[in-house]
Number of protein chains: 2
Amino acid sequence: MPAHGTRNLIIEKADTLFYEGGFAATSFADIAAAVGISRGNFYHHFKSKDEILNAVISRRLKRTRKMLDDWQAGGAQPRDRILSFIHMLITNRIKIMAFGCPVGTLCSELAKLDHEAQHRAAEIFGLFRDWLAGQFRALGIDAQAEARAMHLLVWSQGVAALSNAFHDEAFIQREVAGITQWLDSVIVDQNNQKEHICS
Amino acid sequence: MPAHGTRNLIIEKADTLFYEGGFAATSFADIAAAVGISRGNFYHHFKSKDEILNAVISRRLKRTRKMLDDWQAGGAQPRDRILSFIHMLITNRIKIMAFGCPVGTLCSELAKLDHEAQHRAAEIFGLFRDWLAGQFRALGIDAQAEARAMHLLVWSQGVAALSNAFHDEAFIQREVAGITQWLDSVIVDQNNQKEHICS
DNA sequence: GTCTATAGCCGGATAGAC
DNA sequence: GTCTATCCGGCTATAGAC
């Protein structure tokens, strides 16, 4: 067990429970039971529930940066990297149908609670937006890069919300195909425009 | 005051509080305070919190049906009627930025709570989907009518989720313009296809 | 139909022994 | 670092007077 092993385990279990059951509905007793420690022991590691929430958001920010770095390294073309993002919907489809998108649902819940951490949670969306915009710029799309990035975020959030409501796996597959088609049409348009300028 | 005036007032206030603060985080005391009655009096009208939730969902289903009927009567063309749906994002932008979409966030919360009412809440989405699909069929789009309807739901849900996270009003305006453009391109494609068949 | 009073539970948070 | 015991407050829900 590494240093702060228990602390990290608490953050990990809290992350899962906040996602699957919601922040407000998850009690200290739930987290303590998942970790396998007593409730009293809890306060040795975290003074309040908000402190755990902050740690969970920090963990998500860190893991998201790591994931984006991996996608950056793993994809030869910007198109492949963007597809890594889109395919999260397929990879995580079971959990998304059951609990929605981890980022979107946390932001939504914190907004309703008017919780001060809502802006830090929204930064996770910001990481995706900036990274996706970077991919579009790598494709030569400059002025519209951020708008395209936001469109992908919008589309994926919509798919997450509705597949959660309808619990329809085939729907996710169709939408991912549609998003991929849209992406390719954006790339084709960009290439055509480039040819036009060069010729 | 009409018959069941207090009961209806409770449902109305609960509806607002569930939307703005979330179902789990809203207590009987909150609702009682909003209505202006004592907590004890509450149980004369509703035996449990789930009963209020069911009444709130019924109210939303009823009001949604009414709204769709009004849009049906108020729009001369299917395009106008569909625009009534899209423009909800503008009309309700302040509340959407603060609390998200009432339907999407309720479905999401109930899914996490694994609440049995989650399926009834999702029926509200079903009403929009079916009505929108009817509009596309009225445009002559048959095979793809439901897919187009779902696309509008996906898009609007995504816009609601991200405008809630980023609190960006200009973003909503841009997206509504984009959705309108998409709708017109769908209509133009359909008209071209019709001409092609007739000629 | 509305109130006050209160039961009973569970939540977050603390104190202090080991 | 982990535990048990405990406080306090808010919650759902009930009982019974008016």
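First the proteins, then the strands, lettered A, B, ... as listed; each starts at 1. None of the values given here were measured: they were computed from a predicted structure.
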What is the distance, to the nearest angstrom, from the [atom1] atom on [X] to the [atom2] atom on [N]?
X	N	atom1	atom2	value
B/Ile31	D/dT12	CD1	C1'	12 Å
B/Phe23	D/dC11	CZ	C1'	13 Å
B/Phe42	D/dC11	CZ	C1'	13 Å

Student check: side-chain heavy atoms of A/Ser185 and A/Val188 closer than 4.5 Å: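 With C-beta onward as the side chain, the pair stays apart.
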Anything under 3.5 Å between a donor and an acceptor, one on a side chain of residues 142-149 of chain B, the other on a protein residue two or more places apart or in another chain? List them.
none

Contact list for residues 55-71 of chain B, test salt bridge (Lys or Arg N to Asp or Glu O under 4.0 Å), sequence neighbours left out: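 Every salt bridge (Lys or Arg N to Asp or Glu O under 4.0 Å) pair that includes a residue of residues 55-71 of chain B, provided the two are not neighbours, is B/Asp15-B/Arg59, B/Asp15-B/Arg60, B/Lys66-B/Asp70.
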Review item, side-chain donor-acceptor pairs of residues 152-163 of chain A, under 3.5 Å, at least two apart:
from	atom 1	to	atom 2	distance (Å)
A/Trp155	NE1	A/Glu175	OE1	2.7
A/Ser156	OG	A/Leu152	O	3.0
A/Ser156	OG	A/Leu153	O	3.0
A/Ser163	OG	A/Val159	O	2.9
A/Ser163	OG	A/Ala160	O	3.2

Those residues that, when tested against A/Asp50, pass side-chain contact (heavy atoms from CB on, under 4.5 Å) (two or more places apart):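 Listed in chain order: A/Phe23, A/Ser48, A/His115.
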Those residues that, when tested against B/Gln173, pass side-chain contact (heavy atoms from CB on, under 4.5 Å) (two or more places apart):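 Once residues adjacent in sequence are excluded, the partners of B/Gln173 under the side-chain contact (heavy atoms from CB on, under 4.5 Å) criterion are B/Ile90, B/Arg93.
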A/His44 vs D/dT2: side-chain N/O to OP1/OP2 distance below 4.0 Å: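 No, outside the criterion.
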DNA chain D-proximal residues of residues 51-60 of chain B, any heavy atom under 4.0 Å: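 Per residue number, the list is empty: none.
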Expected rows: protein N/O vs nucleotides 13-16 of chain D N/O, under 3.5 Å:
from	atom 1	to	atom 2	distance (Å)
D/dA13	OP2	B/Lys49	N	3.4
D/dA13	N7	B/Tyr43	OH	3.2

Residues forming a ring pair (Phe, Tyr, Trp, His ring centres under 6.0 Å) with B/Phe125, sequence neighbours excluded: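 Partners of B/Phe125 by the ring pair (Phe, Tyr, Trp, His ring centres under 6.0 Å) criterion come out as none, since no residue qualifies.
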Closest to the B/His45 side chain, choosing from D/dG1, C/dC3, C/dT2: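 Comparing D/dG1, C/dC3, C/dT2 against the side chain of B/His45, the answer is C/dT2.
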Closest to the B/Thr6 side chain, choosing from D/dC3, C/dT2, D/dT2: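 Of the candidates, C/dT2 comes closest.
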Sugar-phosphate, base or nothing in reach of A/Ser38, heavy atoms under 4.0 Å: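 Answer is base: heavy atoms of A/Ser38 come under 4.0 Å of a base.
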Which donor-acceptor pairs under 3.5 Å do side chains of residues 31-41 of chain B form with protein atoms, sequence neighbours excluded?
from	atom 1	to	atom 2	distance (Å)
B/Ser38	OG	B/Asn41	N	3.3

